[in-house]
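Reminder, nothing fancy here: chain letters follow the sequence lines and each chain counts from 1.
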Protein chains: 2
Amino acid sequence: MSRTIYEVAKKANVSISTVSRVLNNSGYASEATRAKVIVATEELGYRQNRIAKSLRNQQSNFIGLLVPDIANEFFASLASSIELTLRHYGYNLFLCNTRESQEIENHYIESLLDNQVQGIIIVSAGRKPKPSLFKCTTPIVLVDRLGPELNKLNSIFIESENEKGGVLAAKAFLKRGAKRFVFLGDQRNMRAMSHRKKGFSETLFSHGVSETDYCEMMIPVSAVIARHEVKDFYEAFPFDAIFCGTDNIALGAMRGLYDIGLEIPTDVQLIGFDGIQLGEFTVPGISTIRQDTHLMGKVSSESIVKMIRGDESRGTILLPVEFIARGTTK
Amino acid sequence: MSRTIYEVAKKANVSISTVSRVLNNSGYASEATRAKVIVATEELGYRQNRIAKSLRNQQSNFIGLLVPDIANEFFASLASSIELTLRHYGYNLFLCNTRESQEIENHYIESLLDNQVQGIIIVSAGRKPKPSLFKCTTPIVLVDRLGPELNKLNSIFIESENEKGGVLAAKAFLKRGAKRFVFLGDQRNMRAMSHRKKGFSETLFSHGVSETDYCEMMIPVSAVIARHEVKDFYEAFPFDAIFCGTDNIALGAMRGLYDIGLEIPTDVQLIGFDGIQLGEFTVPGISTIRQDTHLMGKVSSESIVKMIRGDESRGTILLPVEFIARGTTK
DNA sequence: CTGAAAGCGCTAACAT
DNA sequence: ATGTTAGCGCTTTCAG
C-alpha cells in the first residue's frame, strides 16, 4: 500500500489537517510547518489518494469523452487535442471508444456517472440516448454529432460550418469543369451530413446544374464499404465529381474508383471532408474540406470546463472550415 | 446528487448491509428481502458510487493503458481490442496518450497510481521510466516496446515475432528479384526494430547479398519525416527494395519515392510492418508484415487480469506475424 | 496558526 | 437471515 496522510503527519509532527492544508494550499500554515510537511511528504514519497479525495469532495477530477471510433484519425486527433487542453486545466481524461454502438455508449455514460466524472464530452454514436442522461445534472458538451433527442439536453453543441464546407466543395468542382455530381455521405452523422449535402447541392443547382446531374447516397462511415458501394453506384450513375462526407469514405471511394479502372482526377474528381493527415500521403493526395480538430478539441474542453465552473450560457458554436486542394481535383 | 445506499435501505425497510449484500451478491439474503431491495433500487434509480466502493475496497475497477500515439492506427486498434477484452472481464479502461513523450508517460503513471488502478498496460514511449514505477506493487504488462531499464520490471512482456517478420520480408524481396536493399526503421522502438532488422539483414546475407548492397537508417515514426528522408537517402544509396519498420513509415516512404518520380513496385519494391487497414486502400496497396493487434490486445488484457488475480508467472509472450502481399511488391 | 472530530458512501467483520 | 458498527483516506468546519 501507498502511504497515507497520517504517516506524513506523524513524521512531520503535525496533525493531518495541517498536512491537508499545506498540500492543497488551503487555509493557513506557517512557513516553518509548511516546510516540515513538504520535507516529510518527499521523504515518504507520499502522494494523495485521489479516490479518498474524490469521495470527500463528491467529485473526481475526471472528464469523460465518448468517441465513436478511436481508430478514425479524425476522432483520434480530436481526442488528442481534448486531452491536451484538459490536462492543462488539471483534469484527467477518461476516453471511451463506443464503436458506433448506442449500447456501448449508454454503458459508458453510466460508468462515467458512477465514477463521479465532472463532465462528459460526447461525439454520439446514435440517436436514442439513455433517458438517465436527461436527468443527470453533470455538464454535457456535444460535439460534431447531434441526434434529434440530444438537442433537448441543456448542453453546449460544437460543430464545424458544415454547410459552408458543402458550398466550398461545389464551387471547387464547378471551377474545375465538373458536370455530373455525387454526394456520398455518412449514414450516422445525419445532421452534419445533411448540412454538407445542402450546401453542396444548393450551390450546384444555383449555378445551373440540373437535377438529373446530381445524385446522393448515404452509407456507413467505412472505407471498406465505400470502396465496394462506389462501384455499383458508378455503374448506375456515371459521374465526374464526387464529394465524400468524410475522408475515410473518400479513401475507400478512391480505391473503388481505381479498381474499376477510373483515373483520378482525369476521369473523376474527388473531394473529401475532415482533413486527416493521411490524405497528404495517398497518390494522388486527397483534396478535402478541412475541419480544425485542434480548435474543436480546445473549444470543447473549454466549454466543459466553463460549464463545470457554473457558466450558464448554452448554444451552438460554429467552427471554420477550409478547402485544401490536393491531387484529386484538377 | 445521486442516491445513496441509505435511501435504498430506508425505502426497502432493511439495513444498508442487506442492500450491499443483495447488490453485490455476497452473503445471505432471503428471496423476499432480495426482491424488496431490487425494487427499491430500481424505483430510486440507484447506482453504486464507484468512488466510495473503491475507497473501501482499496482498489478501483480501472486498468490503465499507455500508448505513444493514439492517432496511429496500430495503437488505436490495439487499444480497441484491449478495451473490449477488459470490459468483458468487468474492468474499465483508462486510456492515456503519451505522445511519444517520456514526461507525459511519467505523469500518467503517477496519475494512474494515484487513482488506485489495478494494473497498467504500457506501450512505452521512452527508455527512462520513473523510478517509482519499480517500487510500486501494481501489476504491469509491457507490450511491443521494451527499453533496457524496463526489462528489470517484474512484469509480463508481449511482442510479435519481429525477427521472423524480418526474415519473411527478406525472403519476399529475394523471391521477387530485388538486388539492393534498405531497412528504414523507427528510432523509438529499438528492441523490436533491431529484431526486424536482424531477421531481414541476416537472411539477405545468408542468401548471398553483399554488404555493399544493404543499408539501414533509423528515423522517428512519422510519415512526414519518412517522406522527406527517403528522398535524400535514395540519392545517396539507390535501392530497389525497402523494408520499412512500420506501415506509417512505409506510407511516408512510398509518397517520397513517388515524389522523386520512382515507380512502385517497378523501380522500387516496398514492404511495411504492422498490417494497418489503411494499407489496403493506398494505390498500390502496401505489402506488409501483419501483426495480430486483436490477439495482442487480448493476450495483454488476459495477462494483466491474471497478474491482478495473483498469478506469479512472468516472461515474454511471442505472437505470430504473416506476410501480406499487396501492390508494392511484384 | 493548528488540532480534533465528523462524515463522504460503501463493505465486511461481528453480533444477534 | 439481518443489523450494527468500524473505518477506507481525505477535507473541512469548529475550537482553541
Round to a whole Å and report the spacing from [atom1] of [X] to [atom2] of [N].
{"X": "A:R56", "N": "C:dC10", "atom1": "CZ", "atom2": "P", "answer": "16 Å"}
{"X": "A:L44", "N": "D:dG9", "atom1": "CG", "atom2": "P", "answer": "14 Å"}
{"X": "A:I16", "N": "C:dT2", "atom1": "CD1", "atom2": "C1'", "answer": "12 Å"}
{"X": "A:N61", "N": "D:dT11", "atom1": "CG", "atom2": "C1'", "answer": "15 Å"}
{"X": "A:K10", "N": "C:dG3", "atom1": "NZ", "atom2": "P", "answer": "16 Å"}
{"X": "A:N25", "N": "D:dT11", "atom1": "CG", "atom2": "P", "answer": "12 Å"}
{"X": "B:R3", "N": "C:dC10", "atom1": "CZ", "atom2": "P", "answer": "12 Å"}
{"X": "A:Q59", "N": "D:dC10", "atom1": "CD", "atom2": "P", "answer": "17 Å"}

In terms of side-chain heavy atoms, does [X] have a donor or acceptor partner in [Y] at a distance below 3.5 Å?
{"X": "A:Q59", "Y": "A:Q118", "value": "yes"}
{"X": "B:E83", "Y": "B:N92", "value": "no"}
{"X": "A:T293", "Y": "A:S77", "value": "yes"}
{"X": "A:T98", "Y": "A:E105", "value": "no"}

For a quick test of reading the model: is some side-chain N or O of [X] closer than 4.0 Å to OP1 or OP2 of [N]?
{"X": "A:S26", "N": "D:dT11", "result": "no"}
{"X": "A:N24", "N": "D:dT11", "result": "yes"}
{"X": "A:Y6", "N": "D:dT11", "result": "no"}
{"X": "A:K53", "N": "D:dT11", "result": "yes"}
{"X": "B:T18", "N": "D:dG3", "result": "yes"}
{"X": "A:S30", "N": "C:dT2", "result": "yes"}
{"X": "B:T4", "N": "C:dG9", "result": "no"}
{"X": "B:Q116", "N": "D:dC8", "result": "no"}

Heavy atoms only, 4.0 Å cut-off, all strands: where does A:I51 land among base, sugar-phosphate and nothing?
nothing
Under 4.0 Å, counting only non-hydrogen atoms across every strand here, what does B:S17 touch: a base, just sugar-phosphate, or nothing?
base
Mind running side chain to side chain contact (heavy atoms under 4.5 Å, CB included) on B:L142 and B:S124 for me, showing each step along the way?
CA-CA 8 Å; B:L142 267 11; B:S124 180; 6.0 Å; no
For the side chain of [X], counting heavy atoms from C-beta on, which of [options] is nearest?
{"X": "B:L55", "options": "D:dG3, C:dG9, D:dT12", "answer": "C:dG9"}
{"X": "A:I5", "options": "D:dC10, D:dG3, C:dT2", "answer": "D:dC10"}
{"X": "B:Q58", "options": "C:dC10, D:dG9, D:dA1", "answer": "D:dG9"}

On a heavy-atom basis, which atom in A:T138 and which in A:V117 lie closest, and how many Å separate them?
CG2-O, 3.7 Å
Check if the side chain of B:T33 and the base of D:dT2 share a donor-acceptor pair of N or O atoms closer than 3.5 Å.
no
Please determine whether any donor N or O and acceptor N or O are separated by less than 3.5 Å between the side chain of A:R21 and the base of C:dG3.
yes
